[in-house]
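First comes the structure, then the notes that go with it.
The figures here come from the full heavy-atom set of this structure, side chains too, leaving out hydrogens, waters and symmetry mates. Because the structure is predicted, anything quoted here is derived from the model rather than measured. The sequence lines fix the lettering, A, B, ..., with proteins before strands; numbering per chain opens at 1.
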Number of protein chains: 2
Amino acid sequence: MILEKKKIFNDFATSKGLRSTRQRDIILDIFLSTHQHVSVEELYLKIKFSNPGIGYATVYRTLKLFVEAGLAREILLHDGQTRYEHIVAGEHHDHLVCTGCNSIIEFEDETIEKLQNEIAARHGFMIKSHKMEMYGLCAACRQ
Amino acid sequence: MILEKKKIFNDFATSKGLRSTRQRDIILDIFLSTHQHVSVEELYLKIKFSNPGIGYATVYRTLKLFVEAGLAREILLHDGQTRYEHIVAGEHHDHLVCTGCNSIIEFEDETIEKLQNEIAARHGFMIKSHKMEMYGLCAACRQ
DNA sequence: TTGCTTTTGATATTCATTTTCAGTTACTGG
DNA sequence: CCAGTAACTGAAAATGAATATCAAAAGCAA
Ligand SMILES: [Mn+2]
Ligand SMILES: [Mn+2]
Ligand SMILES: [Zn+2]
Ligand SMILES: [Zn+2]
């Protein structure tokens with residue numbers, strides 16, 4: 001799994017003529033070791049802990065490369081922090097975001113995805129990406 | 001329609017103990033005269049034109065009041081600008097956003113809304129709001 | 001190694017939005 | 001109608017996430 005993702009990134013880097021650097025390896029390792037929906041800040045702090053030398057800008061730059069490489073997806077919720085999550089091949093999900101405890105529930109719904117495509121088709125629109133988020137209170141936060 | 005919205009805001013203001021000010025009246029008038037999806041910047045410039053004295057902060061503050069009053073909805077697309085649109089009672093729509101020409105197509109889909117509620121219910125989640133946007137190219141921009 | 005190019009990290013900058021605060025204005029009740 | 005008081009305003013400063021800058025460092029091909 002992890003080796004596979006590293007290979008994907010290396011192949012991407014090669015095809016783009018990017019150099020192999022210690023920083024990118026470290027950032028990828030640590031990104032792959034995180035759970036879903038890490039903010040840049042969180043990831044930066046985690047990296048900083050074991051690798052104090054790595055700069056903020058490099059983390060930002062590298063995460064964008066992961067997105068380009070198809071390893072990560074950018075998640076913009078309503079807290080002004082960009083988050084990243086792992087892309088699992090052939091899988092897509094959307095989010096229920098609890099405004100009480102900031103937890104995120106993931107869900108998949110084939111029917112909705114299909115309806116989205118129909119709506120787009122009806123308007124002659126070509127979808128490149130979509131976002132669907134529901135904000136509210138999770139079971140625990142409803143007391 | 002416009003008078004009705006003004007009444008909604010006045011009632012809201014009264015219920016909250018807010019004072020009636022010239023600035024809020026002007027900003028509401030001009031907001032009501034705009035079309036969908038105005039950015040704060042756009043609205044500010046429009047206001048500035050006829051009322052040079054009104055400050056940026058007041059526009060920001062007042063738009064948030066409109067949201068609270070149920071007159072406006074905040075729209076966060078992915079261009080770093082917060083936009084506001086009019087809320088029409090008993091109506092809800094989502095957006096197709098063209099990344100080519102920045103146009104926005106609105107659509108309603110009862111089935112999707114129903115499915116969203118079912119998903120939320122299944123997770124014991126209480127929805128307060130949701131956002132659904134599809135990004136891509138509109139018919140014109142596909143050439 | 002050499003030489004060239006990319007990459008990095010510290011720092012400065014940007015840009016939307018929020019906060020601050022002193023002066024102004026709206027309401028209350030006498 | 002006025003005075004007192006609390007809310008409101010606008011200019012400017014502050015914030016905070018993200019990006020740009022640029023000199024030094026590192027990767028790579030020969
Ligand atoms: Mn997710
Ligand atoms: Mn709309
Ligand atoms: Zn919760
Ligand atoms: Zn278009």
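When distances run from any side-chain atom of B/Y60 to the nucleotides D/dT19, C/dC27, C/dA16, the shortest one goes to C/dA16. Closest approach to the B/R61 side chain among C/dG9, D/dT9, C/dT17 is made by D/dT9 (side chain taken as heavy atoms from C-beta onward). When each of D/dA11, C/dG9, C/dA16 is scored by its nearest atom to the side-chain atoms of B/A57, the top-ranked nucleotide is D/dA11.
No option in B/E106, B/Q81, B/R83 other than B/E106 meets the side-chain hydrogen bond (donor to acceptor under 3.5 Å, both in side chains) test with B/H37. A ring-ring contact (aromatic ring centres under 6.0 Å, His included) with A/Y44 holds for exactly one of A/Y56, A/F31, A/Y60, A/Y84; it is A/Y56.
Below the 3.5 angstrom threshold, one finds a donor paired with an acceptor across the side chain of A/R19 and the base of C/dT5.
When rounded to the nearest whole Å, the span between CD of A/E74 and C1' of D/dT19 equals 13 Å. The distance from atom CG of B/L76 to atom C1' of C/dT17 is 12 Å, rounded to the nearest whole Å. As a whole-Å value, the separation of A/Y56 OH from C/dT13 C1' is 16 Å. A/D79 has its CG atom 10 Å from the P atom of D/dA18, to the nearest Å. A/I54 places its CD1 atom 9 Å from the P atom of C/dT8, with the value rounded to the nearest Å. The CZ-P distance, from A/R83 to D/dA18, rounds to 10 Å in whole Å. In this structure, A/N51 atom CG and C/dT8 atom P are separated by 13 Å, rounded to whole Å. For the pair A/L18 CG and C/dT8 P, the computed distance is 9 Å after rounding to whole Å.
Comparing B/S20 and B/K48 by the nucleotide of DNA chain D whose heavy atom lies nearest to each, the residue mapping closer to the 5' end is B/S20. Where B/G17 and B/R22 meet DNA chain D, the nucleotide closest to each residue was compared, and B/G17 sits on the side nearer the 5' end.
A ring-centre distance under 6.0 Å is not found for B/H95 and A/H130.
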*Begin with the C-alpha distance, continue with both residues' side-chain angles, and end with the deciding distance and a verdict on side-chain contact (heavy atoms from CB on, under 4.5 Å) for A/H78 and B/K131.*
CA-CA 11 Å; A/H78 288 184; B/K131 77 181 299 180; 3.4 Å; yes
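The residue B/E41 sits apart from the nucleic acid: no heavy atom pair falls under 4.0 Å. Nucleic acid contact class of B/R24 (heavy atoms, under 4.0 Å, all strands): sugar-phosphate only. Within the nucleic acid shown, B/K64 comes within 4.0 Å of sugar-phosphate atoms alone, with no base atom in reach, counting heavy atoms only.
Contact check, B/Q23 against D/dC8: no side-chain N or O comes under 4.0 Å of OP1 or OP2. Side-chain nitrogen and oxygen atoms of B/T82 include at least one within less than 4.0 Å of the OP1 or OP2 phosphate oxygen of C/dT17. Side-chain nitrogen and oxygen atoms of B/T21 include at least one within less than 4.0 Å of the OP1 or OP2 phosphate oxygen of D/dT9.
Counted by atom type alone, A/E110 and A/H92 present zero donor-acceptor pairs between their side chains at under 3.5 Å.
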